[in-house]
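Comments concern the structure below.
Here the structure is a predicted model, which is why all the values come from computation and not from measurement. Count residues from 1 along the sequence. Reckoned from all heavy atoms, side chains included, excluding hydrogens, waters and symmetry mates.
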Amino acid sequence: MTKFRALFASAALALPLALAAPPADAQQTTLRVFVGGQQRPDVMRQILDLFQQRNPGMRVDVEVGGATSDQQQQYLNTVLTSRDSVIDVMLIDVIRPAQFAAAGWAEPLDSYLGAERDAVMGRYLPAYREANIVGGRVIALPYFADAQFLYYRTDLLQKYNLQPPRTWDELMSHARTVMQGENNPNLRGFSTAGAPIEGTVCTMLVPMWGAGGQFLNAQGRPNVNSPEIRRSFQLWSDMKAQNVTPPNLAEIPTDRIRVDFQAGNLLFAMQWGYAWNRFQNDADSQVKDKTRVAPLPAFAGNQPATCIGGWQVAVSAFSRNKAQAVQLVRFLSSPEVSKMQAILASHLPVFPEVYSDPDVLRANPWFEFARNSVVTARSRPVSPDYPEISEILRTNMNAFLAGTRTADQAIADMNSRLARVYR
């Protein structure tokens, strides 16, 4: 990382940096940004320090909370429902803009962008432009993109003369071969999110898409009692029966996958982009220079698919410093910051041109194919009722993985409850 830090030396982005901002001047405007613990608040602090240097009349504090998207949202629900002005700017998951627009929690940005609105929004990757415009209004701006990929151990595949799998059946076969050959009780073939968290929605949807299925039918109604979604349940049942997945899969949140892979205890992992930087740069990583990234598998005869992710920056509707908060949001959602995040955190850019930047590719060689994966990634259901939809999907998949519900029981419960949401 040393050579990449040098790129930003002129901006005084020295490491490490504390989360606390410099002492406030009486004349300063103080803004407070909420960021989750998994969205690299240390990198956010560096970016904010640069913003403060360029805007000496402004101070920005960081509030860090929640290890998962769900925990972060629970906190924001409490703050915003009470109309509290304590937060000025907040990171929100790509699935949240419709919810924030319906609740009136985010300040629409159209009037602040003015005549530049269409030009500003036109620079982003289409999926993120569309995600942040709700009912014709700009609700937030993209901070970084994300998608799920297949991480794999190059050393172990090479040892057994195996190529990265293109199908789920190949993945299971490769996993059995390596696990049998290594005879290591700590090594598992594959892991994904299985706890009752947001990431487990993708655990359900990705194999369904990879079987050629759709969540909604042509009439816009849930299509959960389909052969394709049953293939998703069957896939995880087969992996569990063959000991390919960890026995406690129903307890595994997103970052636990990263921890297990980083410790050398996984052959394959379905994980988000941020993990690459940790695998390559954390002092305790056992997989440095032994890891590569590939598109996720599909079922034979179908195209692979991945779940779109990413984080947006929104201005609280209850902020007392909205104009200054918008100024900060526009900086955080700039090509300059997108490049910084790519190099310092392997956060995927929201601007197409950043993917081909030579400095970015030196830090993240796999970004060469990542752009196409992000562009073709699928969205989870877009709805103001998404929190309820998510809860129905993830709790049923979690119950199935835990063995407390059969596939038939989980699908029946989803059908019944989703019918009330989509009435």
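Residue pairs meeting the disulfide (SG to SG under 2.5 Å) criterion with at least one partner in residues 373-423, sequence neighbours excluded, do not occur; the list is empty. Each salt bridge (charged side-chain N to carboxylate O under 4.0 Å, His left out) pair with one or both residues in residues 147-157, not counting sequence neighbours, appears once here: Arg153-Asp155. Screening residues 260-369 for disulfide (SG to SG under 2.5 Å) gives Cys202-Cys307 as the qualifying pairs, with residues at least two apart or on separate chains. Applying the salt bridge (charged side-chain N to carboxylate O under 4.0 Å, His left out) test to residues at least two apart or on different chains, the pairs with a partner in residues 120-131 are Arg123-Glu353. Pairs passing the disulfide (SG to SG under 2.5 Å) check and including a residue from residues 203-277, sequence neighbours excluded, do not occur. Residue pairs meeting the disulfide (SG to SG under 2.5 Å) criterion with at least one member in residues 98-133: none, sequence neighbours excluded.
For the pair His174/Phe190, no side-chain contact is recorded, criterion being any heavy-atom separation below 4.5 Å from C-beta on. Counting heavy atoms from C-beta outward, Pro108 and Val138 have side chains that stay 4.5 Å or more apart. Two residues are said to be in side-chain contact when any heavy atoms from C-beta on lie closer than 4.5 Å; Ile392 and Val421 meet this criterion. The closest side-chain heavy-atom distance from Trp209 to Thr306 is not below 4.5 Å.
Residues passing the side chain to side chain contact (heavy atoms under 4.5 Å, CB included) test with Ala211, sequence neighbours excluded: Glu228, Arg231, Phe299. For Pro349, the side chain to side chain contact (heavy atoms under 4.5 Å, CB included) partners two or more places apart in sequence, or in a different chain, are Ser338, Ala342, Val354, Tyr355, Phe367. Listed by chain and number, the residues in a side chain to side chain contact (heavy atoms under 4.5 Å, CB included) with Asp284 are Gln262, Asp282 (sequence neighbours excluded). Residues that satisfy the side-chain hydrogen bond (donor to acceptor under 3.5 Å, both in side chains) test with Arg256, not counting sequence neighbours, are Asp260. Looking at residues two or more places apart in sequence or on another chain, you find no side chain to side chain contact (heavy atoms under 4.5 Å, CB included) involving Ser356.
Aromatic rings from Tyr151 and Phe268 are positioned such that their centres are separated by 6.0 Å or more. Ring-centre distance between Trp366 and Phe149: below the 6.0 Å cut-off.
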- Walk me through it: do Ile47 and Phe331 pass the test side-chain contact (heavy atoms from CB on, under 4.5 Å)? CA-CA 9 Å; Ile47 294 166; Phe331 175 73; 3.6 Å; yes
- Item | Intermediate values then yes/no, side-chain contact (heavy atoms from CB on, under 4.5 Å), His347 and Val43 | CA-CA 10 Å; His347 285 163; Val43 173; 5.6 Å; no
- Message: With side chain to side chain donor-acceptor pair (under 3.5 Å) as the criterion, how do Asp413 and Gln409 come out once you've worked through the C-alpha distance, each side chain's angles and the decisive distance to 0.1 Å?
- Response: CA-CA 6 Å; Asp413 186 73; Gln409 290 170 332; over 6 Å; no
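Arg137 has no carboxylate O lying under 4.0 Å from a charged side-chain N of Asp110, or vice versa, which leaves the two without a salt bridge. Ion pairing between Glu388 and Arg417 fails under the 4.0 Å rule for side-chain N and carboxylate O. With respect to Arg380 and Glu198, a salt bridge is recorded, a charged nitrogen being found less than 4.0 Å from a carboxylate O.
A distance-only check finds no donor-acceptor pair linking the side chain of Asn302 to the backbone of Ala298 [under 3.5 Å]. Between the Lys240 side chain and the Leu401 main chain, a donor and an acceptor come within less than 3.5 Å of each other. A donor-acceptor pair is defined here as one N or O able to donate and one able to accept, closer than 3.5 Å; no such pair exists between the side chain of Gln148 and the backbone of Ala305. Between the Thr404 side chain and the Ala399 main chain, a donor and an acceptor come within less than 3.5 Å of each other.
Ring geometry for Phe233 against Phe400 counts as perpendicular: the plane angle is over 60°, on a 0 to 90° scale with 30° as the lower cut. The aromatic rings of Tyr124 and Phe351 sit tilted, their planes meeting at an angle between 30° and 60°.
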Without placing hydrogens or testing angles, list every side-chain donor-acceptor pair under 3.5 Å for residues 89-107, not counting sequence neighbours.
{"unit_1": "Asp93", "atom_1": "OD2", "unit_2": "Ser69", "atom_2": "OG", "d": "2.9"}
{"unit_1": "Arg96", "atom_1": "NH2", "unit_2": "Ser69", "atom_2": "OG", "d": "3.4"}
{"unit_1": "Glu107", "atom_1": "OE1", "unit_2": "Lys322", "atom_2": "NZ", "d": "3.3"}
{"unit_1": "Glu107", "atom_1": "OE2", "unit_2": "Tyr112", "atom_2": "OH", "d": "3.0"}

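Using modelled atom types, one finds no donor on one side chain facing an acceptor on the other under 3.5 Å when comparing Gln280 with Ser285.
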